[in-house]
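Accompanying notes for the structure given below.
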Amino acid sequence: MNKKLIFMGTGPFALTALQGLWEHLEEGDTLAVYTKEAKKAGRGMKEKDGCVALFAKEKELPLYQPHSLKEEEAKAQFLALDADLVVVASYGLILPPYVIHGPRFGCVNIHASLLPRHRGAAPINRAILEGDAVTGVTIMQMDEGLDTGDMLKTCSTPIGEDECVGELFERLAEMGRDLLLSLLPDIWAKRLQPIPQDDSLSTYAGKITREDQELSFYKNTKQVLATIRGLSPIPCALCHTADGQLLKIFSATAAETELEGVPGQILAVKPQVLVKTVDGAVALGLIQPEGKGRMNALDAVNGRKLNLGDILQ
RNA sequence: CGCGGGGUAGAGCAGUUGGUAGCUCGUCGGGCUCAUAACCCGGAGGUCGUGUGGUUCAAGUCCCACCCCCGCAA
């Protein structure tokens, strides 16, 4: 039986899954791709294709980028594809009922958390930000709610002590891809036992806001480090130097010190740049002053971007 | 034509009203020290993003064009 697949996704997490799907496409199967429309972005505000769109174009897959799936035109287009299964991975658009219930095998979603924990847009960041020891990916049969569908299978992984979201993101993307591919035969055979989510245990992992990015040193070392790791390298933790310049912080480690100061104060610059927290200090690793490239904290000191005694906030 | 910062020794920066380049760190050599990531002395290392461009007696420093990097905002 030839199958008609549709993939819906946007961004690197989705791309990993799409690549896997494409590579394992069986003879005769078709694969169409939906991704968010190219939007004006970046310096100069030029329209730029996302990585999923680029991949689809490169492989000459049918590509659809509706502004919204709720429009009649998008609906007609979708129905005309007569899909057997829709695979969704961080698409970014709400799926109307006709999409969810239209395909013969419905829509399955790859979600980067162990549902029902961290439903929503930023599950990977939130898992680290909240100090979770374990996270994972879930393949679920979508329903009309936000990440509330029945789970088909999960796969978990421990979060490393020093792991930042960049590393975890990549790992989960691969796990999600592999889990989906391994499940595909069972999905076609309808052999899977859907497991309802326990709504009472659900948490919501909302999109990372600017406020989430603001780093406060009026927290303990563990929380400060979790914030930095949970946001690095994208979108990254932010604070401000003594002269009000934006300072991005990509990495830091816990440090022991006897020096005293107010939270955020630079206690030492040699051999490490130590910043006071509520219960200790952190040694800054890779940072980036406004308008500059990424550099080691010590380089920033040499270039006088940071000075002993300055207070970061 | 969204707003803005920047491209100067291996790294991070300074260079005022134009007169062929300095600082911190690193690096190499030497010294001090029980010792050192500390201190002292000395050295190497730069066609100042590109244009065999313009202005000038003279440009890193002014003008023009182009390339590249980055912050904001979306």
Side-chain angles (χ1 to χ4, degrees), chain A residues 9-15 34-54 65-69 90-94 120-122 125 164-166 169 206-217 227-261 264-276 280-313:
Chain A
T10 305
F13 186 85
L15 179 62
Y34 273 71
T35 191
K36 273 213 262 192
E37 60 187 336
K39 57 180 178 183
K40 295 186 176 185
R43 284 170 218 114
M45 295 297 279
K46 297 211 171 64
E47 286 209 351
K48 282 183 182 166
D49 274 326
C51 60
V52 169
L54 290 173
Q65 298 179 271
H67 175 67
S68 162
L69 289 167
S90 66
Y91 182 30
L93 287 188
I94 293 171
N125 294 289
C164 69
V165 78
F169 185 98
K207 216 165 110 178
I208 301 295
T209 64
R210 175 66 184 220
E211 206 170 309
D212 290 320
Q213 291 186 64
E214 299 282 349
L215 181 64
S216 168
F217 288 99
T227 302
I228 293 170
R229 289 189 296 115
L231 298 171
S232 178
I234 298 172
C236 141
L238 306 174
C239 67
H240 297 271
T241 58
D243 57 358
Q245 292 244 303
L246 193 69
L247 185 71
K248 291 186 165 189
I249 300 182
F250 293 95
S251 68
T253 52
E256 299 288 329
T257 182
E258 313 250 301
L259 300 168
E260 289 299 324
Q265 189 160 31
I266 297 177
L267 302 174
V269 294
K270 260 190 267 191
Q272 289 185 302
V273 180
L274 300 184
V275 180
K276 184 85 177 77
V282 294
L284 299 183
L286 204 57
I287 65 176
Q288 179 174 18
E290 187 175 327
K292 292 296 179 182
R294 293 180 193 182
M295 62 183 77
N296 293 315
L298 194 55
D299 290 331
V301 170
N302 286 330
R304 290 161 199 162
K305 294 288 183 195
L306 299 177
N307 300 292
L308 187 63
D310 280 359
I311 296 172
L312 303 178
Q313 52 189 359

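To find a chain, count down the sequence lines: A is the first, B the second, and so on, and within it residues start at 1.
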Mind checking the [atom1] distance from [N] to [M]? Whole angstroms is fine.
| N | M | atom1 | answer |
| --- | --- | --- | --- |
| B/rA9 | B/rU27 | C1' | 12 Å |
| B/rG5 | B/rC13 | P | 16 Å |
| B/rG45 | B/rA11 | C1' | 13 Å |
| B/rA21 | B/rG60 | C1' | 8 Å |
| B/rC70 | B/rC62 | C1' | 26 Å |
| B/rA58 | B/rG2 | C1' | 41 Å |
| B/rA37 | B/rU52 | C1' | 48 Å |
| B/rG30 | B/rC23 | C1' | 23 Å |

ask   = Can you tell me how far CG of A/L69 sits from CD1 of A/I94, rounded to the nearest 0.5 angstrom?
value = 10.0 Å

Under 3.5 Å donor-acceptor, [X] side chain and [Y] backbone:
| X | Y | result |
| --- | --- | --- |
| A/E37 | A/P66 | no |
| A/T10 | A/T35 | no |
| A/D212 | A/T209 | yes |

Using a 6.0 Å cut-off, check whether atom [atom1] of [X] has over 12 heavy atoms from anything other than its own residue.
| X | atom1 | result |
| --- | --- | --- |
| A/E47 | CD | yes |
| A/Q213 | CD | yes |
| A/I234 | CD1 | no |

request  = Identify the two heavy atoms, one from A/A297 and one from A/L306, that lie closest to each other, and give their separation to 0.1 Å.
outcome  =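 Where A/A297 meets A/L306 most closely, the heavy atoms are O-CD1, 4.2 Å.
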
ask   = RNA chain B: A/M295 or A/K39, which has the more 5' nearest nucleotide?
value =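 Final value for this comparison: A/M295.
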
task = On RNA chain B, check which nucleotide each of A/P271 and A/N296 is closest to and give me the residue with the more 5' one.
result =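 On the 5' side of the pair lies A/N296.
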
task = Select base, sugar-phosphate, or nothing to describe what A/R294 touches, counting heavy atoms under 4.0 Å on all strands.
result =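 The answer is nothing, as A/R294 stays clear of every strand by at least 4.0 Å.
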
request  = Mind checking A/Q272 for me? I need base, sugar-phosphate or nothing, with any heavy atom below 4.0 Å counting as a touch.
outcome  =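 The answer is nothing, as A/Q272 stays clear of every strand by at least 4.0 Å.
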
Pair assignment for [N], Watson-Crick or G-U wobble, requiring both distances under 3.5 Å:
| N | value |
| --- | --- |
| B/rU56 | none |
| B/rC39 | B/rG31 |
| B/rG10 | B/rC25 |
| B/rG71 | B/rC3 |

request  = Please find the earliest and latest nucleotides of RNA chain B, in the 5' to 3' direction, that have an atom within less than 4.0 Å of any heavy atom of chain A.
outcome  =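 Contact boundaries, 5' end first: B/rG2 to B/rA74.
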
key: Test side chain to side chain contact (heavy atoms under 4.5 Å, CB included) applied to A/L215 and A/L238, A/L231, A/I249, the passing residue   =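 When A/L238, A/L231, A/I249 are each tested with A/L215, the side chain to side chain contact (heavy atoms under 4.5 Å, CB included) holds only for A/I249.
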
key: Sorted by number, the residues of residues 244-253 of chain A with heavy-atom contact under 4.0 Å to RNA chain B   =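 Within residues 244-253 of chain A, the residues near RNA chain B are A/L246, A/K248.
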
query = What pairs with A/E214 under salt bridge (charged side-chain N to carboxylate O under 4.0 Å, His left out), at least two apart in sequence or on another chain?
reply =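 A/R210.
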
